[in-house]
Amino acid sequence: MGKLPFNVQLFQRLDIPQTTKNTIYKFSALLLTYLSYTSYHLARKPLSVVKNSEEFVNCSQSVCSSWVDQLDGAPEDQTKTILGLLDTTYLVCYAFFTFLSGPVADRVDLRVFLTVGMLGSGVFTAMFGLAYRAKVHSIWYFFCVQALTGLFHTTGWPGVLPVVANWFQKDRKGFIMGVWYSHASVGNILGAIIAGMFADDNWGLSFIIPGLVMMVVGVLLFLFLVPDPAMVDIDLSKSSSTISSSEGSLITSDRKTTSSLPNIRNGEAEPLLDQTKEVIGFWRALKIPGVVEYSLCLFFAKLVLYTFMYWLPNYINDTSHYDASSSANLSTFFDVGGIFGAVLVGLISDWTGYSASTCVTMFLLSLPSMILYQNLQSVWCPLSQVDGLPAFNSCYILNCILLFLTGVLVNGPYALIMTVVSSDLGTHHTLKGSKKAMATVSAIIEGTASIGAAVGPSLAGWLAGDGDWGKVFAMMMGADAAAAVLLGRVVMREN
């Protein structure tokens with residue numbers, strides 16, 4: 001299980017009521033994991049902003065000029081394809097190593113696991129930016145850095161999700177996880193703002209600052225994180241046993257015969273803190289009911305989400321000719337919508353008990369929102385500039401509103417599946433109370449989803465090479481429709 005940090009050992013000796021200590025432990029775990037995954041997303045965002053920096057690449061002429069030797073003098077379609085491959089390199093490595101990191105996380109001290117991952121991620125994120133200082137111009141340097149960054153970033157989700165799930169096992173998990181999952185959108189927003197501040201003048205700092213932040217947060221986790229209540233002699237299973245089996249289901253099953261929460265079967269609570277249970281292997285975790293459906297669903301959901309994440313600033317820049325900073329700032333409305341979407345879908349899931357139906361509804365509603373957004377910018381009400389700055393007119397306001405709405409509908413179901421559904425599947429009753437599958441299950445779902453995340457941005461770079469963004473939006477709408485279809489069987493069981 002691992003040792004307690006020295007600072008926590010000292011805190012244990014203080015003459016403070018145990019209930020107060022328990023509350024501090026619980027919410028410090030929530031805060032530290034929130035800061036941790038915020039930092040991971042903070043470090044993922046800069047490249048999508050720096051792509052639009054004229055210092056890094058400028059395709060305003062017939063051929064592009066670029067900081068990267070292999071892109072200097074290349075046509076625009078080739079340049080966009082190669083920039084897409086930079087994203088793909090990171091995402092392919094992330095997807096591949098995520099399948100390996102989950103089983104590792106189930107077997108080691110999560111505090112050390114996250115610390116090593118964050119320090120490594122911080123170093124390689126900063127190394128991308130150090131190319132500006134060191135005058136490195138080779139595309140192969142950037143490919144190598146992206147690959148190693150993807151490797152270390154795989155420690156994030158299989159590390160933080162089990163910690164939060166260990167500490168929050170009661171009802172209203174959808175709401176708590178929805179609020180907590182805002183870290184992804186907050187990280188994207190902060191990453192876009194920080195990268196936008198330096199993209200046009202000193203793009204290296206767009207990577208160096210997030211890298212340093214990651215290393216600092218990694219040290220904080222090492223000093224203060226308590227990954228499991230059992231490490232400080234707290235048993236939350238006693239309080240969770242009062243939850244009625246008549247409440248709504250998060251992982252769908254026959255509502256007439258089966259409990260609503262995966263740690264409760266036939267009306268009797270099964271403890272989640274049994275440390276004697278065996279570690280669950282990859283193939284056994286894959287056989288848990290719902291894992292395959294939700295994994296394939298998230299393949300398409302993350303394809304859409306990461307296409308927005310990596311290419312939205314570039315789309316705004318390409319269609320409105322805003323500079324890198326203005327494009328990045330406008331794109332944050334998508335992430336603000338993501339915060340509200342994660343909380344909203346958690347509340348709806350808690351209230352109705354129909355998690356799969358909630359996800360399918362939002363996937364389907366995202367289709368008209370994407371159609372409206374794409375046509376608003378390209379046909380009905382294009383963005384404009386005054387003296388080189390964005391014109392804050394009715395078109396700009398409508399753009400913000402539709403970006404916000406699209407962010408709600410695209411991020412909401414993704415957040416619910418990544419948090420509540422993943423943690424509940426990781427403690428499914430078929431595992432007989434063992435909690436040692438949570439990181440493995442979350443890694444299967446996240447790894448499959450990340451393959452989609454690698455495919456989406458790569459396809460977007462290729463499809464948008466001729467300037468026709470309509471094909472990119474068609475791809476994303478098809479993917480969200482496929483995500484909805486893949487949950488069809490789960491929805492039928494749920495009803």
Drop me the distance from [X]'s [atom1] to [Y]'s [atom2], to the nearest 0.5 angstrom.
X	Y	atom1	atom2	value
Leu114	Leu32	CG	CG	10.0 Å
Ile194	Leu42	CD1	CG	5.0 Å
Asn399	Leu383	CG	CG	4.5 Å
Ile339	His183	CD1	NE2	11.0 Å
Ile139	Asp72	CD1	CG	12.0 Å
Leu30	Leu35	CG	CG	10.0 Å

Main chain of [Y], side chain of [X]: is a donor-acceptor contact present, judged purely on distance under 3.5 Å?
X	Y	value
Ser101	Thr98	yes
Lys302	Ala454	no
Ser182	Val179	yes
Gln9	Leu4	yes
Ser206	Ala195	yes
Asn7	Leu223	yes
Lys21	Gln12	yes
Trp167	Phe27	no
Asn317	Tyr322	yes

Do [X] and [Y] have a side chain donor and acceptor closer than 3.5 Å?
X	Y	value
Ser450	Tyr306	no
Gln146	Tyr94	no
Gln377	Thr319	yes
Ser366	Asp480	yes

Taking the side chain as C-beta and beyond, is there a heavy-atom pair between [X] and [Y] under 4.5 Å?
X	Y	value
Val50	Phe207	yes
Ser39	Val213	yes
Gln70	Ser138	yes
Val160	Trp180	yes
Leu71	Lys80	no
Asn202	Glu55	no
Asn411	Phe308	no
Tyr310	Arg44	yes

(request) Using side-chain hydrogen bond (donor to acceptor under 3.5 Å, both in side chains) as the criterion, list what pairs up with Thr23, not counting sequence neighbours. (result) none
(message) Is there a side-chain contact (heavy atoms from CB on, under 4.5 Å) between Trp157 and Thr419? Walk through the geometry before answering.
(response) CA-CA 10 Å; Trp157 194 244; Thr419 54; 3.7 Å; yes
(request) Using ring pair (Phe, Tyr, Trp, His ring centres under 6.0 Å) as the criterion, point out the one residue from Phe340, Phe333, Phe334 that pairs with Phe404. (result) Phe340
Check the angle between the aromatic planes of [X] and [Y] and answer parallel, tilted or perpendicular using the 30° and 60° thresholds.
X	Y	answer
Phe11	Tyr25	perpendicular
Tyr132	Trp67	parallel
Phe56	Phe142	perpendicular
Phe473	Tyr373	tilted
Trp140	Phe143	tilted

(request) Answer yes or no: does atom CZ of Phe222 have more than 12 heavy-atom neighbours from other residues, nucleotides or ligands under 6.0 Å? (result) no
For [X] against [Y], the heavy-atom pair lying closest together:
X	Y	answer
Trp462	Thr81	CA-OG1, 4.2 Å
Gly129	Trp203	CA-CZ3, 4.3 Å
Leu303	Ala479	CD2-CB, 3.8 Å
Pro457	Leu91	CG-CD1, 3.8 Å
Leu110	Ala105	CD2-O, 3.4 Å
Ser48	Pro313	O-CB, 3.7 Å

(message) By the definition side-chain hydrogen bond (donor to acceptor under 3.5 Å, both in side chains), identify the one residue from Asp335, Thr332, Thr38 that meets it with Asn188.
(response) Asp335
(message) Between Met231 and Asn166, is the side-chain contact (heavy atoms from CB on, under 4.5 Å) condition met? List the steps.
(response) CA-CA 11 Å; Met231 296 177 70; Asn166 287 343; over 6 Å; no
(request) Dump the intermediate steps for side-chain contact (heavy atoms from CB on, under 4.5 Å) on Met118 and Tyr40, then the final yes or no. (result) CA-CA 8 Å; Met118 293 197 72; Tyr40 277 101; 3.4 Å; yes
(request) Please determine if Lys26 forms a cation-pi arrangement with Phe168, meaning its NZ or CZ atom is less than 6.0 Å from the six-membered ring centre and no more than 45° off the ring axis. (result) yes
(request) Check the pair Asp87, Ser458 against side-chain contact (heavy atoms from CB on, under 4.5 Å), reporting the backbone distance first and the verdict last. (result) CA-CA 7 Å; Asp87 298 329; Ser458 179; over 6 Å; no
(message) Pair Cys297, Cys359 - check disulfide bond (SG atoms under 2.5 Å apart), show working.
(response) CA-CA 10 Å; Cys297 169; Cys359 290; over 6 Å; no
